[in-house]
K.L.:
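Structure incoming, see below.
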Amino acid sequence: MSVEFNHTVVPSRDREESARFLARILGLEVGEPAEPFLPVATANGVTLDFATVPGDIPTLHLAFLVSEAEFDEILARLVAEQVAIQADPHGRHPGRINRNDGGRGVYFRDPSGHGLEALTRPYGSDPASELNGVTEEVPGAAMR
């Protein structure tokens with residue numbers, strides 16, 4: 001049997017708000033509730049099961065590999081909704097995207113504070129790319 005990643009629980013302050021935010025930004029659908037979870041499924045069958053939890057929420061990092069066309073759509077939605085973006089996970093390049101491995105990548109936060117990332121090329125797929133370390137300004141992007 002091959003091992004496949006199937007689902008994970010995403011703790012949230014408000015499962016509805018977080019699930020709908022992710023689905024809207026990534027162009028996905030929110031599934032039917034399966035108490036206590038609200039699922040969002042990705043194209044490769046992995047389900048993110050959002051759950052409202054009390055108290056402090058550990059910050060997760062969730063990265064999504066997308067096509068160039070999907071990246072354009074995601075970036076446009078982030079800019080339209082004035083969601084703060086950055087080119088790196090540490091916030092050194094606000095209002096920008098990265099060009100690592102010859103692709104494009106962007107980081108942003110969900111309503112519960114989880115670090116989300118959309119990227120068009122897997123890490124290390126082109127270590128010799130002259131675009132590694134390059135960032136580009138995104139007109140109209142929110143920075144904080």
Side-chain angles (χ1 to χ4, degrees), residues 2-31 33-34 36-53 55-144:
S2 65
V3 176
E4 294 183 3
F5 186 62
N6 179 264
H7 71 277
T8 192
V9 174
V10 182
S12 307
R13 289 186 187 95
D14 178 330
R15 74 178 190 172
E16 295 277 339
E17 180 183 34
S18 290
R20 294 196 187 293
F21 172 82
L22 181 74
R24 188 174 63 252
I25 294 298
L26 297 184
L28 301 172
E29 298 291 324
V30 175
F37 307 114
L38 188 59
V40 175
T42 64
N44 62 337
V46 174
T47 303
L48 303 169
D49 292 326
F50 288 84
T52 300
V53 298
D56 292 336
I57 296 173
T59 302
L60 301 179
H61 173 72
L62 303 171
F64 301 92
L65 186 61
V66 301
S67 70
E68 289 288 337
E70 289 166 327
F71 188 90
D72 288 338
E73 294 167 1
I74 290 165
L75 191 58
R77 287 189 284 268
L78 290 167
V79 170
E81 292 193 25
Q82 287 294 282
V83 174
I85 65 167
Q86 54 200 41
D88 68 302
H90 308 293
R92 292 184 298 249
H93 303 285
R96 302 178 76 82
I97 63 169
N98 70 62
R99 297 302 315 274
N100 295 337
D101 294 301
R104 295 185 290 165
V106 65
Y107 293 83
F108 55 101
R109 297 232 174 245
D110 88 335
S112 291
H114 297 304
L116 305 179
E117 177 184 8
L119 66 160
T120 62
R121 300 283 304 268
Y123 289 135
S125 60
D126 189 357
S129 173
E130 59 190 38
L131 294 175
N132 288 334
V134 172
T135 67
E136 292 180 358
E137 184 178 349
V138 177
M143 295 190 208
R144 300 260 184 242

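For the numbers below, each heavy atom of this structure counts, side chains included, while hydrogens, waters and symmetry mates do not. Here, residue 1 is the first one in the sequence, and each next residue gets the next number.
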K.L.:
Arg77: which residues meet the salt bridge (Lys or Arg N to Asp or Glu O under 4.0 Å) condition with it, sequence neighbours left out?
P.N.:
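With sequence neighbours excluded, Arg77 shows a salt bridge (Lys or Arg N to Asp or Glu O under 4.0 Å) to no residue whatsoever.
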
K.L.:
Between Asn100 and Arg121, is there a side-chain heavy-atom distance shorter than 4.5 Å?
P.N.:
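Result no, sub-4.5 Å side-chain heavy-atom pair not found.
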
K.L.:
Going from CG on Leu131 to CD on Glu136, what distance comes out if it is rounded to the nearest 0.5 angstrom?
P.N.:
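These two atoms lie 8.0 Å from each other.
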
K.L.:
Can you check whether Val66 reaches Thr120 side chain to side chain, under 4.5 Å on heavy atoms?
P.N.:
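Yes, their side chains come closer than 4.5 Å.
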
K.L.:
Of Leu48, Val40, Val53, which meets side-chain contact (heavy atoms from CB on, under 4.5 Å) against Val10?
P.N.:
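Of all the options given, the one that passes is Leu48.
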
K.L.:
Contact between His7 and Pro39 at the side-chain level, heavy atoms closer than 4.5 Å - yes or no?
P.N.:
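No, too far: nothing below the 4.5 Å cut-off.
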
K.L.:
Between Asn6 and Thr47, is there a side-chain heavy-atom distance shorter than 4.5 Å?
P.N.:
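No, side chains not in contact.
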
K.L.:
Measure the NE2-CG distance between His61 and Leu116 for me, rounded to the nearest 0.5 Å.
P.N.:
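The CG atom of Leu116 is 8.5 Å from NE2 of His61, to the nearest 0.5 Å.
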
K.L.:
Looking only at heavy atoms, which two atoms of Ala19 and Phe50 are closest? And how far apart?
P.N.:
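Minimum heavy-atom separation between Ala19 and Phe50: CB-CD1, 3.6 Å.
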
K.L.:
Side-chain donor-acceptor pair under 3.5 Å between Asn44 and Thr42, yes or no?
P.N.:
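A donor-acceptor contact under 3.5 Å links the two side chains.
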
K.L.:
Taking salt bridge (Lys or Arg N to Asp or Glu O under 4.0 Å) as the definition, give me every residue that meets it alongside Asp88, ordered by chain and number, with sequence neighbours left out.
P.N.:
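Expected list: Arg92.
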
K.L.:
Is there side-chain contact between Leu22 and Asp110, with heavy atoms separated by less than 4.5 Å?
P.N.:
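No. Closest side-chain heavy atoms not under 4.5 Å.
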
